[in-house]
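Every heavy atom of this structure was used, including side-chain atoms; hydrogens, water molecules and symmetry mates were not.
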Amino acid sequence: MKTRHILFIFLGVLTLGWAWDAWVLNPMPGDAIWVVRKQGIYLTGVWAMGLMSLIMVLATRPAWLESALGGMDRVYRLHKWAGILAISIGIVHWLMEIGGGTLRSLVGAAVDKPPKVAVLDILQTSHGLAKDVGEWAIYALIVSLAITLWKAFPYRSWRLLHRVMPLLYLILVFHAVALTPAAWWLQPLGLMLGLLMLAGSLSAIPALRHRIGRKRRYAGTIESVRPLEGGITEVNCTLEADWPGHRAGQFAFVTFDPREGAHPYTIASAHRGTRLSFQIKALGDYTRTLAHSLKAGQPVTVEGPYGRFDHRHGAAAQVWVAGGIGITPFLAWLESLQHQPDAAPNVQLHYCVRDAARDPFVARLRMLCATLSHVTLHVYDASHGQRLDAQALRQASRGQSDEPLDVWFCGPAGMARYLEDGLARLGLKDATVHREAFEMR
């Protein structure tokens, strides 16, 4: 299920709860314009707090959700877009709250303004404080959203600021509980909101204590570090005996430096007991330093494995598409098939590179594919004007199967959209595209 569908259903359920209260259980008297404003404040508040609670639960990296959502990469995609939507709705909620004076100047004083709604007795004296802290929390969230969307902002600084989010969430829980109508708490809407905020609050505790993923962390040692062409650093690690192993195509959160924290990297090797290989592209300030800062013998912590990017769940005939460093899960797949070549599906593997002559993976791919008769490799060299498009995908796959195209993609998001749009224009709307949503920020 796509992220937008999950969010639509989630908000739809909350909206039904609000509508039942607003129209059936507690219809609000007063002038229509003021009733709409008041109910708008309630609805946007319910949406924002519901989404913020969902964000906190997803931030704990719940492995039990991987099967339902299709992998931890998709859990994080849902986390990201729920966060963007929650803050956007929170801004609307805040603007509606402070816009009473502007509305009064436009329509005049209310003849019949909705009466004030009673909140929990124990929090009556906290009304003013709850409003103030809610406003300051919104300011902080706006800054957080701007920094998150600003990709040039240093990851380490972003990560430190992101650690404040659980505290901001708990402040917003206080804001919501103190201002929520007391009558709600024994009604469907209040019960839903209460359970969500309870789950979010319980999730905030391990986040504040930096214990997220603690039960899935495994210690190890860096075995070797090798710089490759194209700003790639190959890091081989040996973990302790309790490492549970991984499936080809999975990823892990790797900590080389506790001050920097964990970064997600695809495991670029098949299962080799406790040995793992990572091919890390220099995409930021930190990853550019790894070739020089990492040394054999250094400790490493690996959290995982995570992910459901697994060709074994696909059709008998498949199309694999990789752009740049997106080749890493396919390297692991090809390596895992070396010992059972007959288990390989019929595959057309398309690899897009800037310069094939200097690419560190082309030779290895050719060697791996040479032993797999069911896998055909296509390399597209941008330095020679070669470019993969939907027509090339269809042409290479023609005669491979009468079934709809089964495409497995890992690479830049723009490239994925370009190919998906091209397939739709060719009338191949029934093509299945499995994408690794590998963007954690």
Determine, step by step, whether L290 and T287 satisfy the side-chain contact (heavy atoms from CB on, under 4.5 Å) criterion, reporting the C-alpha distance in whole Å, the side-chain angles of both residues, the deciding distance to 0.1 Å, and the verdict. CA-CA 5 Å; L290 294 182; T287 48; 4.3 Å; yes
Is the closest side-chain heavy-atom distance between P264 and D73 below 4.5 Å? no
Rounded at 0.5 Å granularity, tell me how far CE in M197 sits from CG in L172. 10.5 Å
Heavy atoms of other groups near W185 CH2, more than 12 under 6.0 Å: yes
For V235 and V254, run side-chain contact (heavy atoms from CB on, under 4.5 Å): C-alpha distance rounded to whole Å, both residues' side-chain angles, the deciding distance at 0.1 Å, then the answer. CA-CA 11 Å; V235 182; V254 183; over 6 Å; no
For residues F361 and I325, determine if any side-chain heavy atom of one lies less than 4.5 Å from a side-chain heavy atom of the other. yes
Verdict with supporting geometry, S269 and E335, side-chain contact (heavy atoms from CB on, under 4.5 Å): CA-CA 7 Å; S269 56; E335 186 179 308; 3.9 Å; yes
Any side-chain heavy atom of T44 sitting closer than 4.5 Å to one from W94? no
Distance from R247 atom CZ to S336 atom OG, nearest 0.5 Å? 11.5 Å
May I have the step-by-step check of ring-ring contact (aromatic ring centres under 6.0 Å, His included) for Y76 and H79, ending in yes or no? CA-CA 5 Å; Y76 263 80; H79 170 86; 5.7 Å; yes
Are any non-hydrogen side-chain atoms of M52 and L141 less than 4.5 angstrom apart? yes
Relative to each other, are the rings of Y286 and H263 parallel, tilted or perpendicular (30° and 60° limits)? parallel
What is the minimum heavy-atom distance between H175 and A130, and which atoms define it? ND1-O, 2.7 Å
Between atom CD1 of I205 and atom OG1 of T60, what is the distance when rounded to the nearest 0.5 Å? 12.0 Å
Side chain proximity check, L337 to H374, heavy atoms < 4.5 angstrom: no
Point-to-point distance, once rounded to the nearest 0.5 Å, from CD1 of I84 to CG of L51: 11.5 Å
Straight-line distance of E135 CD to E97 CD, nearest 0.5 Å: 9.5 Å
For E260 and T255, indicate whether the former's side chain and the latter's backbone hold a donor-acceptor pair under 3.5 Å. no
Side chains of H434 and D406 only: does a donor on one sit below 3.5 Å from an acceptor on the other? yes
Will you find, in the side chains of Y42 and T180, an N or O donor that is under 3.5 Å from an N or O acceptor? no
How about Q318 and W408: do any of their side-chain heavy atoms sit closer than 4.5 Å? yes
Counting distance only, does the side-chain N/O of D389 pair as donor-acceptor with the main-chain N or O of Q391 below 3.5 Å? yes
Checking K281 side chain against G326 main chain: does a donor-acceptor pair fall under 3.5 Å? no
Could you state the interatomic distance from CD1 (I171) to CG (D132), rounded to the nearest 0.5 Å? 12.0 Å
Identify the residue among L54, L85, T15 that makes a side-chain contact (heavy atoms from CB on, under 4.5 Å) with F10. L54
Quick one: sort the F251 and F253 rings into parallel, tilted or perpendicular, breaks at 30° and 60°. perpendicular
Looking at W333 versus H311, is the centre-to-centre ring distance below 6.0 Å? yes
So do the side chains of L276 and W243 get within less than 4.5 Å of each other, counting heavy atoms only? yes
Would you kindly say whether Q187 and W20 are connected by a side-chain donor-acceptor distance under 3.5 Å? no
Is there a donor-acceptor pair closer than 3.5 Å between any side-chain N or O of R387 and the backbone N or O of Y380? no
For a quick test of reading the model, state the closest non-hydrogen atom pair linking A204 to M56 and the distance between them. CA-CE, 3.6 Å
Would a distance-only check, ignoring hydrogens and angles, find a side-chain to backbone donor-acceptor pair under 3.5 Å from R37 to M96? yes
Less than 4.5 Å apart, any side-chain heavy atom of S201 and any of L170? yes
Report the C-alpha distance between L69 and I6 in whole Å, list the side-chain angles of each, state the deciding distance to 0.1 Å, and finish with yes or no for side-chain contact (heavy atoms from CB on, under 4.5 Å). CA-CA 9 Å; L69 296 183; I6 297 172; 3.4 Å; yes
